[in-house]
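Below is one structure, written out as structure tokens, with a few remarks after it.
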Amino acid sequence: MDTIRLTMAQALVRHLQRQFTVIDGEEVPLFGGAWAIFGHGNVAGIGEALAQVKDEFTTFRAHNEQGMALAASAYAKQHRRQRIMACTSSIGPGALNMVTAAGMAMANRLPVLFLPGDVFATRTPDPVLQQVEHFNDPTMSVNDCFRPVSRYFDRINRPEQLITSLPVAINTMLDPTTCGPATLALPQDVQTMAFDYPVSFFAKKVHKLRRNRADVDQLAEAVAAIKQAKKPLVLIGGGVHYSLALEEVTALIERCHIPACETQAGKGALPWDHELNLGAVGVTGSSAANAAAQEADLIIAIGTRLQDFTSASRTLFANPDHTLLSINVTSFDAEKHNAVPLIGDAKVTLQELLAEVEDYQTPATWSDKVKALNLDWLAAVEQVTALPKQASDHDYLPTDANVIGVINRTASANSTLVQAAGGLPGELHKLWRTSSDLGYHVEYGFSCMGYELAGGLGVKMATPDREVIVMVGDGSYLMLNSEIATSVMLGLKLIIVVLDNRGYACINRLQKACGGESFNNLLQHCHTVEAGAPKTDFAAHAKALGANSEQVSCLADLEEALVRAKASDKTYVIAIDTDPISSTQEGGAWWDVAVPEVSNREQVIDAERQYKIAKQQQPY
Ligand SMILES: Cc1ncc(C[n+]2csc(CCOP(=O)(O)OP(=O)(O)O)c2C)c(N)n1
Ligand SMILES: [Mg+2]
């Protein structure tokens, strides 16, 4: 057997370099490079191996491990899971900083290869710096925290274990039925150990998007369900994007004239102004989509996890005679909510389905009815996003919807909007308009504060020709902003708009809706010294990180600032003060958030009464 003597770290990097994928008919490297922050746990092993190949396999230095791993996740999401990045950290705090991002990737089913350094496998120098030590279990390290947030986890305790483990890790990330983060914990000594690796371990491998075909019986059941439907509704999830099934979904909708709605991850699959697109569905949904979902007798859910925001905590599909048909590559998702499952890849499954139901036509009474509802909704969106008469008034605090209107109208057709947490995901899901399938990138499986800026960076890396606009609340900005410096360093320009409502406004609203007093969310309600919380100067902060920036004081100024931001050759941050109280009341649906059963507050008791009533709509 031909072998080559390499360290485990060198072998790992070399194997990654030999993986390829096919995008638009062209072979490209599967791995877009590695993000790395070094410490004693990885600098000598992985660090040396990455340095050796730095001209062929780029290593990117971030400023925070969570930030780099969120960027890696966004990169994979924007690439529709077809390209991946590796993330390596030292042991201890560096590794743990990545755990939140691993959770984000896990919830959103995104492939990221986590390579945290680990304590010595030989244990000879124990305890090493940053080793937490378990008194009764020396096999455990902080990296075991990755287990619940990884689809695949291994600790490479001997260099030859890599030969069997790394291909499984890659396979787990590429198989659409298991896709998610893979973690290989790498003890620092094992990274440096030499082994005679078989040359075949470094043979070029070209991966292709796998497309699982549906079971014939399940297909027949799905066809029968569609043919019987009087009031069908297609519900588009993120799986439609990952399966690259836009054409097939559009064909199903148009040929059978079935109205459709979109989850956060599915948004953008149809142009916003498609006559059958009822827009966002669920808790942050349009009035048209939600009315249709309540009345539909058949919901054809495609590529969705059916999380609570989509199903209004399992109350949305309210027609007692409804059937939920769930087309999903993973049986775990397809079987949820007592659905009629159709397990298979969206693209090929829809092709097969369409061949059988092509003659089916949605009754016009239904499609005409929902199209009329949609016109009302579109008019409502126009109204809340229109430039208000106070656009030049410096004393007027704009709503999120006002700001969205201004940005959306100035965004180019080639823009991607990035967001994740706060009040904005709901507002954007309802209000943002895009005609591009890559135009809307909101992380709402984990709603991870801090994703916005780091994720924007990953989106720009994946699609450098797009205008990447990040909208971020003051809270998320303050939680994780260090990758602004990385974006400047890498020349990856972002347009960032900070909506400063001085606190966690959406949680303050939720708190009040649950009968609570305003407490510990808006800065004015927090424990502070007498002078109160300082006003953060976001423009000065961004400037200090190397970005161009400005603070604007009204919507008209925002419009002009966006012109400067577009012209800027580097990341441009615009801060604007906004209203923490109001949010778009049009549309929406119930969300199950538990309310205390006992309280000395009248408002809590009232809220709990309402809660119990709402709960009755929710089946077990
Ligand atoms: C890491 C993380 N911590 C906490 C939360 C809970 N949370 C959701 S939104 C939010 C407040 C976000 O504040 P900001 O970004 O200013 O947006 P706003 O609510 O003001 O629109 C909090 C604390 C979260 N989603 N993620
Ligand atoms: Mg805020």
Side-chain angles (χ1 to χ4, degrees), residues 64-67 69-71 73-74 96-108 145 149 264 283-284 307-309 397-404 407 417-432 442-456 470-484 496-514 516 518-526 533-538 541-542 551 573-585 588 591 593-594:
N64 174 300
E65 290 89 353
Q66 183 185 147
L70 291 174
S73 312
L96 284 182
N97 272 354
M98 298 199 294
V99 172
T100 303
M104 198 290 300
M106 181 89 164
N108 285 287
C145 295
V149 286
Q264 284 275 15
V283 177
T284 52
Q307 64 145 310
D308 61 351
F309 263 74
L397 276 181
T399 62
D400 288 352
N402 292 154
V403 176
I404 288 170
I407 298 175
L417 187 281
V418 183
Q419 228 288 316
L424 281 166
E427 297 292 309
L428 290 163
H429 193 207
K430 284 182 184 177
L431 307 175
W432 188 262
V442 173
E443 186 281 289
Y444 212 61
F446 214 47
S447 190
C448 185
M449 288 174 74
Y451 181 89
E452 293 87 349
L453 301 167
V470 179
M471 289 183 74
V472 60
D474 55 309
S476 286
Y477 182 104
L478 288 174
M479 197 170 275
L480 188 60
N481 51 60
S482 21
E483 301 331 317
I484 290 177
I496 298 167
V497 181
V498 188
L499 288 82
D500 182 7
N501 52 23
R502 296 151 311 283
Y504 302 154
C506 73
I507 308 295
N508 176 58
R509 291 195 293 270
L510 179 62
Q511 186 170 48
K512 288 199 291 185
C514 294
S518 285
F519 167 65
N520 204 51
N521 281 310
L522 295 183
L523 293 173
Q524 58 171 316
H525 304 132
C526 293
K535 163 96 178 123
T536 306
D537 187 342
F538 289 98
H541 179 272
Q551 169 84 37
V573 176
I574 303 169
I576 182 166
D577 286 356
T578 53
D579 175 19
I581 303 302
S582 51
S583 62
T584 300
Q585 295 307 302
W591 183 33
V593 175

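Both counts, for ligands and for their atoms, begin at 1 and track the order of listing.
Ranking protein heavy atoms by distance to atom 19 (O) of ligand 1, first place goes to C506 N, 2.9 Å. When hydrogens are left out, the protein atom nearest atom 12 (C) of ligand 1 is M449 CE, 3.7 Å; that is the closest non-hydrogen contact. Among all protein heavy atoms, the one lying closest to atom 8 (C) of ligand 1 is I507 CD1, 3.7 Å.
Shortest non-hydrogen contact noted between G445 and A107 is O-CB, 4.0 Å. Looking at every heavy atom in both residues, Y477 comes nearest to V498 through CD1-CG2, 3.7 Å. The shortest heavy-atom contact between L431 and A401 is CD1-CB, 3.6 Å. When all heavy atoms of P580 and A505 are compared, the closest pair comes out as O-CB, 3.5 Å. Minimum heavy-atom separation, R509 to I581: CD-O, 3.2 Å. The nearest pair of heavy atoms linking V149 to M106 is C-SD, 3.7 Å.
The closest side-chain donor-acceptor pair between D579 and T399, if any, does not fall under 3.5 angstrom.
Residue G475 has at least one heavy-atom neighbour below 4.0 Å for each of these atoms of ligand 1: 13 (O), 14 (P), 15 (O), 16 (O). The contact set between ligand 1 and A505, taken as ligand atoms under 4.0 Å from a residue heavy atom, comprises 18 (P), 19 (O), 20 (O). Annotation for ligand 1: atoms under 4.0 Å from non-hydrogen atoms of G473 are 14 (P), 15 (O), 16 (O). Listed by number with element, the atoms of ligand 1 under 4.0 angstrom from any heavy atom of D474 are 16 (O). Listed by number with element, the atoms of ligand 1 under 4.0 Å from a non-hydrogen atom of S476 are 14 (P), 15 (O).
In terms of N/O distances under 3.5 Å, ligand 1 is approached by S447. Remark: ligand 1 and Y504 share no N or O pair separated by less than 3.5 Å (distance only, no angle test). Residue M479 has no N or O atom closer than 3.5 Å to an N or O atom of ligand 1. Residue G423 has at least one nitrogen or oxygen atom sitting less than 3.5 Å from a nitrogen or oxygen atom of ligand 1, judged on distance alone. For ligand 1, the polar-atom distance check finds no N/O of G422 at less than 3.5 Å from any of the ligand's N/O atoms.
Remark: T536 OG1 to L478 CG distance equals 5.0 Å, nearest 0.5 Å.
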- request: Go through the steps for E443 and N108 under the test side-chain hydrogen bond (donor to acceptor under 3.5 Å, both in side chains), then give the verdict.
  value: CA-CA 8 Å; E443 186 281 289; N108 285 287; 2.9 Å; yes
task: Begin from the C-alpha positions of H429 and F309 and carry the test ring pair (Phe, Tyr, Trp, His ring centres under 6.0 Å) through to its verdict.
output: CA-CA 11 Å; H429 193 207; F309 263 74; 8.8 Å; no
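In this structure, G503 counts as a contact residue of ligand 1, since one of its heavy atoms falls inside 4.0 Å of the ligand.
Metal site remark for the Mg ion (ligand 2): L499 contributes no N, O or S atom at a distance under 2.8 Å. Inclusion of S476 in the first shell of the Mg ion (ligand 2) is not supported: no N, O or S atom falls under 2.8 Å.
Closest N/O/S atom of D474 to the Mg ion (ligand 2): OD1.
With a heavy-atom cut-off of 4.0 Å, N501 touches ligand 1 through its side chain alone.
Side-chain contact between D577 and K535 is present, with heavy atoms from C-beta onward closer than 4.5 Å.
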